[in-house]
Amino acid sequence: MMLLSDIDVDSIRSTSRQLVRRLGFLRSDLAESGLPPSSVHALIEIGTATDLSGRDLSEILGLDKSSISRLLGKLQAAGLVMETVAPTDARTKHLSLTADGAKRLVAIEAFARDQVRTALARLTTQERHIVRSGLELYAGAIGGSCGGGGNGATAVSVNPAMPRVASVQSGWRPGLLGRCIEMHARHYSETSGFDGQFEAIVAGGLAEFATRLERPCNAIWAGLIDDRIVGTIAIDGEDLNGTTTAASGARLAHLRLFIVDPSARGSGLGKALLQEALHFVDTQDFSETHLWTFHGLDTARRLYEASGFRLVEERPGSQWGAHVLEQRFVRERNGRLVRTAGIEPA
């Protein structure tokens, strides 16, 4: 058994205290939200999870039942969180954010991302990977050693089957196009019953887009685990700009080809891919970002809304080779939403 040095232990403890202080966790107003840290963490978990109950939140935050009850009571009284009865079990209530809660979460996420980006910008690429890997390993080690936590909460253990370190890389790489098509075809065949026509539509659209990747207004990213492609996302800065809205002066970005393999779900890779794409949009001169999806993809919708997208259009359609209730979401660069109409996905 390897002996631990007291110097190592005390150094990590000191660094941990510095992180807590510098990230603002000792303040009553975390991330300039007007909320204490426990409330901010609760909003983040509720806003990014599916069918989350109070009991689930208790386990995630490591708080006992009475503390969670008081916390949720305050968030509900503030108009940020609401409860709905689960359709399959009237004894269970699911948590979700109100419109005000979703708006507050967008501001919290923007503050936190800027905080991390500012710090990472001071490091080399290798140092960034070291920081990410080290934090994930350390958090996992603490979670795996906490047992019951002493407060009645069940510790969330690290899934040994889940890869610990993922990365997001921009640009084309060998196998990216085929893997993107395969992930789309498999996922939507299994979850939505889409057939070969859908795969052909994805393949055709991706093949055309790939010929324009060298232009600076277009970009694609791959989510990687052990150098294996397990996620993709793209920004097309050209295909919507022949529309009436674009002709009036607005430049539109089209978020496309967003998919994460089931083996990587729960790793945070989907959120990281979306953040990279939106950072690209925000550094370009785009007025709005549009994306198309369809009704029923609730987890993805929560992720979009937490990133500033809002549903602006809903209509029956079959652009993916099957009849669905299509939805268009828009994210406006400076926070104001312009409800444009009549824009068709390319």
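Atom-to-atom distance recorded for R113:CZ and L120:CG is 13.5 Å, nearest 0.5 angstrom. Separating the CG atom in L291 from the NE2 atom in H254 is a distance of 7.5 Å, to the nearest 0.5 Å. One finds the CD1 atom of I259 at 11.0 Å from the CD atom of E182 (value rounded to the nearest 0.5 Å). Here the straight-line distance linking atom CZ of R256 with atom CG of N218 works out to 9.0 Å at 0.5 Å rounding. The structure places CG of L206 at 5.0 Å from CD1 of I181, a figure rounded to the nearest 0.5 Å. Distance check, rounded to the nearest 0.5 Å: CD of E314 to OG1 of T293 gives 10.5 Å.
Between F198 and H184, the ring planes are tilted. Angles from 30° to 60° get that label. Ring geometry, F294 versus F194: the interplanar angle falls from 30° to 60°, so the pair is classed tilted. Relative orientation of the F280 and W221 rings is perpendicular, given thresholds of 30° and 60° on the angle between their planes.
Remark: the backbone N or O of L252 is paired with a side-chain donor or acceptor of N241 at under 3.5 angstrom. In terms of modelled atom types and a separation under 3.5 Å, the side chain of D282 and the main chain of H279 share no donor-acceptor contact. In this structure, the side chain of D195 engages the main chain of Q197 through a donor-acceptor pair within 3.5 Å. Between the side chain of D236 and the backbone N or O of D239, at least one donor-acceptor pair lies under 3.5 Å. Panel note: side chain S58, backbone G54; no donor-acceptor pair is recorded below 3.5 Å. The closest donor-acceptor contact from the side chain of R331 to the backbone of S307 lies under 3.5 Å.
Taking each heavy atom of P174 and I229 in turn, the nearest pair found is O-CD1, 4.3 Å. Nearest heavy-atom pair across L274 and Y304 is CD2-CD2, 4.2 Å. Between A306 and V106, the closest heavy-atom pair is O-CG2, 3.4 Å. Heavy atoms only, all atoms of each residue included: R302 and I46 are closest at CD-O, 4.4 Å. Residue I233 comes nearest to L273 through the heavy atom pair CG2-O, 3.7 Å, listed as atom of the first residue, atom of the second, then distance. Across every non-hydrogen atom of W172 and L213, the tightest pair is CB-CD1, 4.4 Å.
Linking ILVMFWY residues whenever their side-chain heavy atoms come closer than 4.5 Å, directly or via other members, leaves M82 and L95 in distinct clusters. Cluster annotation: F25 is not connected to F111 through the hydrophobic network of ILVMFWY side chains, with a link wherever side-chain heavy atoms come within less than 4.5 Å. In this structure, L311 is a member of the same hydrophobic cluster as L255, with clusters built from ILVMFWY side-chain heavy atoms closer than 4.5 Å. Side-chain heavy atoms closer than 4.5 Å link hydrophobic residues (I, L, V, M, F, W, Y) into clusters, and following such links, possibly through other members, connects F258 to V168. W292 and L325 fall into different hydrophobic clusters, where Ile, Leu, Val, Met, Phe, Trp and Tyr are joined by side-chain heavy atoms under 4.5 Å apart, directly or via other members.
Within 6.0 Å of atom CZ in R117, more than 12 heavy atoms from other residues, nucleotides or ligands are found, so the atom counts as buried in its surroundings. Under a cut-off of 6.0 angstrom, the local environment of CZ in R186 is sparse, with at most 12 non-hydrogen atoms contributed by other residues, nucleotides or ligands. Remark: R215 CZ is packed, more than 12 non-hydrogen atoms of other residues, nucleotides or ligands lying under 6.0 Å away.
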N/O donor to acceptor pairs below 3.5 angstrom from side-chain atoms of residues 68-81, sequence neighbours left out:
unit_1	atom_1	unit_2	atom_2	d
R70	NH2	S67	OG	3.4

Got a list of side-chain donor-acceptor pairs under 3.5 Å for residues 33-40, not counting sequence neighbours?
unit_1	atom_1	unit_2	atom_2	d
S33	OG	L30	O	2.6
S33	OG	L35	N	3.1

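Within the 4.5 Å cutoff, the side chain of D261 has heavy atoms near those of the R179 side chain. Contact annotation: the side chain of P262 never approaches that of E190 to less than 4.5 Å [non-hydrogen atoms, C-beta and beyond]. A heavy-atom distance below 4.5 Å is not found between the side chains of E83 and S96. At a threshold of 4.5 Å between non-hydrogen side-chain atoms, the residues V330 and R328 count as touching. Between I44 and I108, some side-chain heavy-atom pair lies under the 4.5 Å cut-off.
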For this session: May I have the step-by-step check of side chain to side chain contact (heavy atoms under 4.5 Å, CB included) for I60 and L52, ending in yes or no?
Result: CA-CA 10 Å; I60 292 171; L52 192 74; 3.8 Å; yes
For this session: Please assess K271 against E109 for the test side chain to side chain contact (heavy atoms under 4.5 Å, CB included), listing each intermediate value before the final yes or no.
Result: CA-CA 11 Å; K271 187 175 181 180; E109 294 281 19; 3.0 Å; yes
Problem set entry | Criterion side chain to side chain contact (heavy atoms under 4.5 Å, CB included) on H41 and L43, from CA distance to verdict | CA-CA 6 Å; H41 281 253; L43 287 185; over 6 Å; no
For this session: Would you sort out whether F209 and L257 count as a side chain to side chain contact (heavy atoms under 4.5 Å, CB included), showing the intermediate values?
Result: CA-CA 10 Å; F209 174 62; L257 306 168; 4.2 Å; yes
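The pair R315-E313 meets the salt-bridge criterion, since a charged nitrogen lies less than 4.0 angstrom from a carboxylate oxygen. The pair E238-R212 counts as a salt bridge, with a side-chain nitrogen and a carboxylate oxygen less than 4.0 angstrom apart.
Under the 3.5 Å distance criterion, with hydrogens and angles disregarded, no donor-acceptor pair is assigned to the side chains of D100 and T98.
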